[in-house]
Amino acid sequence: MQIPYTVTARPDTGVYNAKLGVWLFLASEVMLFGALFSSYILLRVGAPTWPHGYELLNVPLATFNTVVLITSSITMVMSWASLMVKDFRKYRIYMGSTFLLGLVFLIVKAFEYGAKFGLGIYPAENTFYAIYFTLTGLHGLHVVGGMIVNAYFWGPGSKMWHTDPVRFTNRVEVAGLYWHFVDLVWIFLFPSLYLL
Amino acid sequence: MDQTQTIDFKKHVRTYIAVFVALMALTVVTVAVSYLHLPITAAVVVALIIAGVKGSLVASYFMHLISERKLIYWTLALTFIFFLALMLLPLGSESDKIVN
Amino acid sequence: MQQWLGMPIDAAAHGAEIDQMTVVMHWIMLILFIGWGLFFTYAIIRFRRTKSVRADYAGVKSHFSSYVEGAVAVVEAILIIGFAVPLWAKRVNAFPPEGESTVVRVVAEQFAWNAHYPGADGVFGKTDIKLVSAENPLGLDRSDPAAKDDITTINQLTLPVNKPVIVYLSSKDVIHSFGITYLRVKQDAIPGEQIPVWFTPTKTNEQIREELTKPYSIKGQTVSVGRAVNRLAFFEYKDKSGEVIVTAGGFIGEPEVQKLMEAGIDEVVVTKDHSTMVAMQEYKDADGNIVVEKGGRLSDDVVLKLVAMGITEVLAAPDTPLEIACAQLCGLGHYRMRGFVTIQTEEQYKAWLAEEASYLTQ
Amino acid sequence: MANVATAHHDTAHHQEEELGFWRKYVFSIDHKVIGLQYMFTALVFLFLGFTLMMLMRWQLAYPGEPLPGEIFIGLPAVIGVALLLIGRWQRKLTSLIGMIFLGLAGLVWYMVTDEVLMPGGVMLPELYNSFGAMHGTIMVFLGVVPLAVGAFGNYLVPLQIGAPDMAFPKLNATSYWSYFLGGVTMLVSFFVPGGAANSGWTSYAPLSVIATQGQTLWLIGMIFLITSSLLGSVNFIVTIIQLRAAGMTFMRLPFFVWAQFITSFLLLLAFPPLEAAGIMQLLDRVVGTSFFMPSGLVVSGQALPYAGGGSPLLWQHLFWFLAHPEVYVLILPAMGIVAEVIANNTRKPLWGYKSMVYAAIFLGFMSFIVWAHHMFMTGMGTVISTFFQTTTMIISIPSVIILTALVISLWGGSIRFSVPMLFALAFLPMFGIGGLTGLPLGLAPTDIHLHDTYYVIGHFHYVVAPGTIFALFAGLYYWFPKVTGRQMNETLGRIHFIGSFICMNVIFMPMFIQGLAGVSRRLYDGGAQYSHAQGVLYLNEVMSVGAWALGVFQLFFIFNFFWSIKKGKEAKENPWDATTLEWATPTPPPHGNFLTLPEVHRGPYEYSVPGHDRDFVPQHVDGQLRSTKTQKV
Ligand code: HEA
Ligand code: HEA
Ligand code: CUA
Ligand SMILES: [Cu+2]
């Protein structure tokens with residue numbers, strides 16, 4: 001028997017299953033990163049001395065990455081908007097660029113990490129680097145996850161557009177919610193690690 | 001595609017662009033401020049305010065929270081409360097230790 | 001109720017308050033439980049199917065329960081405001097001035113308690129982990145003038161009675177917990193932190209021993225022959241031919257075990273280790289010479305002598321009644337991470353300090 | 001109803017032809033099959049956790065005496081062989097479980113004959129600690145939670161709310177398999193050098209960071225388990241909010257569903273911090289970061305190669321941020337089961353259903369801000385300790401409300417002492433004891449004397465063992481006919497109950513005495529060294545004998561369980577004359593549960609409604625009633 005409200009919204013709650021699902025998932029993500037931020041604060045407050053992020057980390061690169069991620073956010077939302085107006089071609093373009101921007105972000109990150117490793121600096125160096133690598137690393141994994149999803153909806157997954165457009169649009173919206181969250185995390189990560 | 005959709009599609013896109021510009025601007029600001037090397041508390045306050053604004057922009061417009069259902073609000077409100085507890089209570093116990 | 005709860009004797013000034021609060025709480029718990037229990041029991045008996053065939057849709061109509069719940073809330077509020085908060089505040093805020101108290105550093109490690117006394121100058125000498133070694137577990141820097149007169153002991157905390165004690169607690173490796181049951185003290189020792197604890201002992205070890213004195217059975221322990229190897233026989237054992245295999249107090253080795261088995265004896269009584277106990281009264285044998293004086297250890301031969309005299313129960317007390325029990329899992333030796341506390345009169349304590357100091361000079 | 005049922009039956013057969021064995025039983029996405037997978041896995045783990053404890057109890061009763069391995073291998077071996085015998089002329093399942101029990105016997109054999117950790121059959125402290133840690137971990141994370149939430153929740157929630165399945169069936173399967181992997185990882189950790197994790201289920205740093213390899217696997221296992229719980233909880237919440245049948249308003253949900261709903265929120269929001277902490281501890285252990293490692297650590301004379309600057313208390317905060325809500329995760333579903341069973345067997349509505357619901361919500365909310373009552377002895381000042389003492393006392397009120405409502409529900413009932421009811425009734429006073437003894441622990445001054453003593457062990461075992469475990473037994477006996485279409489044997493059930501009830505109290509009551517005397521927990525020799533423990537040492541043997549006896553009484557359950565699957569006496573469609581929706585489907589429910597989604601017309605517990613001939617009115621049955629309100633509050 002069919003599971004109700006997979007596509008259409010349930011009248012009294014006003015949402016369809018996947019949407020509620022992803023918001024709940026994001027709630028748990030908030031607690032996950034929350035715990036790491038909390039650890040960051042606790043360690044920093046407890047430390048006798050703590051370096052300023054901009055003394056040790058590459059702010060210009062990170063700023064560039066911020067721009068990249070924000071841009072990827074808008075291309076993501078545009079891809080969804082295009083589907084709303086049934087413009088599949090535009091969707092393909094926007095979704096594609098979202099994926100590519102994600103890739104750019106990762107490459108830049110790779111350079112950042114590489115530079116540090118080159119200097120023989122690893123997470124074990126001190127608690128600052130430990131939390132820096134952990135937070136950015138975990139965020140990076142989230143980017144990768146998002147990119148896999150986006151790639152799927154750009155390529156094979158997009159067949160569904162022709163069979164069940166409404167459902168496909170929902171899926172893209174949900175993927176978008178996740179992607180924006182990843183962006184949102186970075187928006188907090190960037191100042192707290194690099195600028196303070 | 002029919003008229004009405006194109007209309008509000010255009011409207012949507014305009015808001016998205018606006019938000020995008022705002023985000024860029026704020027990014028520039030926050031980085032710029034960091035070069036002033038303000039005293040740490042001031043710096044934290046500024047950085048968090050800016051990040052907060054940027055965050056809420058993304059959430060409200062890109063994630064459409066502005067026009068979201070109550071159900072979602074409640075879930076997030078609950079999460080936020082516990083998030084605060086997770087931030088503040090450990091700090092509180094660290095700052096209230098037995099001393100002599 | 002305190003006895004009834006089996007709370008151990010308390011030898012600290014603040015102990016009574018904690019015990020009293022514990023007792024109060026248990027009374028409340030008991031009353032609540034009996035209250036609910038009675039209602040519960042009555043209900044399941046009265047409303048069993050055979051008695052009440054058709055249930056009553058509404059059930060209880062009164063809102064009495066709300067009052068009960070309210071009452072519980074009120075009682076808990078009183079407990080917090082009236083007992084918990086003030087008591088805790090006394091423990092963690094109202095520290096006595098260091099001048100008028102005995103100040104000690106205690107550094108826990110796997111699996112021992114290192115005590116560090118500031119010595120005559122009342123100043124703790126520097127410590128440095130680079131200096132840590134088997135002989136110098138604290139890493140005390142003897143070259144530091146303040147350290148010259150510092151006294152350090154391992155698993156032994158000697159303190160004067162009726163004078164506040166402030167212990168600065170820390171750990172070298174993992175988290176331990178500094179628990180002294182009879183002093184109602186417990187505080188985690190956390191590496192990287194130094195946490196102060198304070199208490200005022202009100203009884204010396206002698207007094208505590210007196211309190212703990214009770215008839216103590218020195219009977220042996222029955223074990224299967226297999227397990228009796230390398231133990232001392234409690235009775236004399238003969239084989240069928242009446243030849244002695246092992247005398248009372250005799251050592252049971254492999255050969256003895258063999259003989260015992262051949263003799264068809266499968267269970268034997270061996271001496272139990274009573275050496276942690278001391279006699280609390282003098283025991284003389286028939287011709288008046290002392291078997292064990294008051295305070296003497298109940299070593300195996302003493303026990304055997306007493307048994308030979310037909311005494312199986314003596315007035316005894318633990319030799320070291322006050323123990324530091326580690327109350328936080330800290331590794332494989334957690335269970336044996338035991339330190340000893342000796343509470344003495346001011347004079348004895350001074351003497352002890354002097355003695356320790358004398359070792360330093362040589 | 002009847003004809004509908006038959007209709008269901010042929011659809012059921014129809015289904016079975018469609019899916020092959022693997023798709024149907026192993027990689028199924030049917031919430032009922034997944035629920036059963038959870039149930040069997042969790043029961044086996046419960047038994048393993050118990051076995052570890054039976055071994056430990058030997059060391060506690062007879063410190064240093066060689067352990068009679070044969071006996072302890074015997075228990076699971078006997079069960080295994082017996083199940084294989086039953087299985088010979090029964091379904092594959094039983095034989096499978098039989099082999100698993102033989103596997104358990106093998107595991108025990110491996111451990112008791114391990115010359116490194118058990119030279120001459122004498123358990124070494126390392127092994128004792130490792131068993132203690134794994135007992136706690138297995139019982140909490142691999143036993144009770146998967147059984148209470150994964151099994152009961154999965155099987156019943158969709159049925160009780162009138163849904164065809166969970167909202168995300170594939171996700172559901174994923175979370176089971178993630179749990180399974182977590183379990184396997186934990187099992188593997190028994191075989192690595194140094195044995196399984198041995199730093200307590202709390203894994204306090206720095207001890208856990210410098211511990212043997214087992215700890216690394218423990219952390220990896222936990223990450224699987226946490227992932228599983230997160231996926232599960234999202235699924236439950238969406239299912240309950242979105243898939244309620246027409247007319248199933250929130251205030252018409254069975255209390256059990258409410259319990260699962262709140263539990264899911266606890267899992268969803270409390271687990272991530274432990275996941276973060278787990279990752280950090282893993283990094284500390286593997287790549288040498290110092291999140292939990294302060295500067296200047298010296299272990300056995302050697303300075304540790306850590307940069308330092310970390311905080312051991314950070315771990316405790318993150319751990320207890322999960323672990324306190326976790327303990328309510330252990331109790332809420334149990335309360336839910338007990339509520340169902342009591343309503344059904346008193347033949348009357350729950351008293352104060354609404355207040356119970358609100359209390360449960362409040363309980364769930366508060367449980368996030370009391371965690372540091374586990375940390376009173378870590379050096380807390382007045383302000384923060386006052387905060388946590390207050391919240392701790394406040395959180396006890398909702399529990400009081402729920403328990404009181406359940407006790408009052410008995411009043412005016414027509415009580416059937418069926419086996420499930422016996423367990424449910426026993427739950428009340430047992431939880432009462434456990435809960436009440438939580439109060440002196442919740443106030444810092446009294447906690448000074450009781451912290452980390454056997455009093456704590458007694459406290460929480462009264463809530464989890466004769467509490468939760470009994471509730472789970474009640475549920476197993478109660479819903480058995482729903483799943484198998486057969487009843488479990490009454491007499492065996494009663495023996496199982498009486499035996500377990502007595503043994504549980506023989507085991508856990510003495511713990512309070514030992515605790516008040518000041519005997520610490522986690523002592524390899526049960527305190528034999530300490531003079532303050534001498535007076536209560538004899539109790540160790542008493543408790544151990546109790547534990548072994550408890551083990552023997554479980555045989556009655558296990559055999560009854562598997563025997564009844566095929567041989568139990570046939571059960572009616574609705575053997576307990578229950579009102580909730582799970583009984584409105586045929587037995588066993590087909591894939592998709594309902595042919596036409598039911599419509600709900602009234603509250604969950606319309607028993608003995610005045611002016612009705614039958615003493616129960618199912619939720620889905622139409623027809624005007626004098627009162628459609630759930631009942632007076
Ligand atoms: C299901 C699990 C569960 C539950 C429900 C509880 C419930 C409570 N717990 Fe418990 N607790 C644990 C599991 C649980 N706990 C575990 C596992 C630990 C140890 C962790 C470790 O260190 O390893 C622990 C430890 C623990 C501590 C730390 C002790 C220490 O380490 O020093 C504290 C301290 O505040 C505490 C307090 C409480 C309180 C106040 C409640 C309250 O919620 C209780 C409220 C309930 C009542 C007040 C009962 C009311 C009911 C009645 C009175 C009805 C009676 C009915 C009849 C007689 C018919 N618990
Ligand atoms: C849900 C949690 C839970 C449960 C149910 C139990 C159940 C039991 N526990 Fe557990 N225990 C803990 C959680 C739990 N424990 C924790 C967290 C600790 C602290 C660990 C630490 O120190 O870090 C602990 C510690 C602990 C100690 C202290 C060890 C120490 O400090 O050194 C002891 C001592 O006796 C003990 C005993 C028991 C006993 C006898 C049971 C009995 O009640 C067991 C009852 C079990 C059953 C009745 C099994 C039922 C299952 C079946 C019958 C299987 C059927 C199978 C099929 C049908 C396929 N436990
Ligand atoms: Cu030190 Cu336990
Ligand atoms: Cu708790």
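With rounding to the nearest 0.5 Å, the separation of CD1 in A/Ile74 from OH in B/Tyr61 is 13.5 Å. Put simply, OG on A/Ser73 and CG on B/Leu23 are 8.0 Å apart, with the number rounded to the nearest 0.5 Å. Once rounded to the nearest 0.5 Å, the distance linking CE of A/Met78 with CZ of B/Phe62 reads 10.0 Å.
Looking only at heavy-atom pairs under 4.5 Å with chain B, the residue among A/Thr66, A/Val185, A/Val67 that has the most is A/Val67. Interface remark: of the candidates B/Leu88, B/Thr75, B/Ile72, B/Ile72 forms the most heavy-atom pairs closer than 4.5 Å to chain A. Most heavy-atom pairs under 4.5 Å with chain B: of the set A/Phe181, A/Tyr54, A/Phe188, this distinction falls to A/Tyr54.
Only the side chain of B/Leu71 comes within less than 4.5 Å of a heavy atom of chain A; its backbone N, CA, C and O stay farther away. For B/Phe80, no part lies under 4.5 angstrom from a heavy atom of chain A. Both the backbone and the side chain of B/Thr30 come within contact range of chain A, judged by heavy atoms closer than 4.5 Å. Only the side chain of B/Leu65 has a heavy atom closer than 4.5 Å to any heavy atom of chain A. Interface remark: B/Leu86 contributes backbone and side-chain atoms alike to the contact with chain A (heavy atom separation under 4.5 Å).
Taking 4.5 Å as the heavy-atom cut-off, none of the residues of residues 133-144 of chain A approach chain B. Applying a 4.5 Å heavy-atom cutoff, the residues of residues 29-47 of chain A that approach chain B are A/Val30, A/Met31, A/Gly34, A/Ala35, A/Phe37, A/Ser38, A/Ile41, A/Leu42, A/Arg44, A/Val45.
In the displayed structure, A/Lys90 atom NZ is contacted under 6.0 Å by at most 12 heavy atoms of other residues, nucleotides or ligands. Atom CZ of A/Phe64 has 12 or fewer neighbouring heavy atoms from other residues, nucleotides or ligands inside a 6.0 Å radius. More than 12 non-hydrogen atoms from other residues, nucleotides or ligands lie less than 6.0 angstrom from CH2 of A/Trp161. Crowding of A/Phe88 atom CZ: a count of heavy atoms from other residues, nucleotides or ligands under 6.0 Å exceeding 12.
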Practice item. Check step by step if side-chain contact (heavy atoms from CB on, under 4.5 Å) holds for B/Lys54 and A/Leu184. Key: CA-CA 8 Å; B/Lys54 290 167 76 180; A/Leu184 206 151; over 6 Å; no
Exercise for review: Show your reasoning for whether side-chain contact (heavy atoms from CB on, under 4.5 Å) applies to B/Met63 and A/Leu26.
Suggested key: CA-CA 12 Å; B/Met63 304 171 91; A/Leu26 293 184; 3.8 Å; yes
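The closest side-chain heavy-atom distance from B/Met24 to A/Thr71 is below 4.5 Å. Proximity of A/Trp23 to B/Arg69: side-chain heavy atoms (C-beta onward) are nowhere separated by under 4.5 Å. Contact check for B/Val31 versus A/Tyr194: no side-chain heavy atoms found under the 4.5 Å cut-off.
Between B/His12 and A/Trp80, the two ring planes are perpendicular [angle over 60°; tilted spans 30° to 60°].
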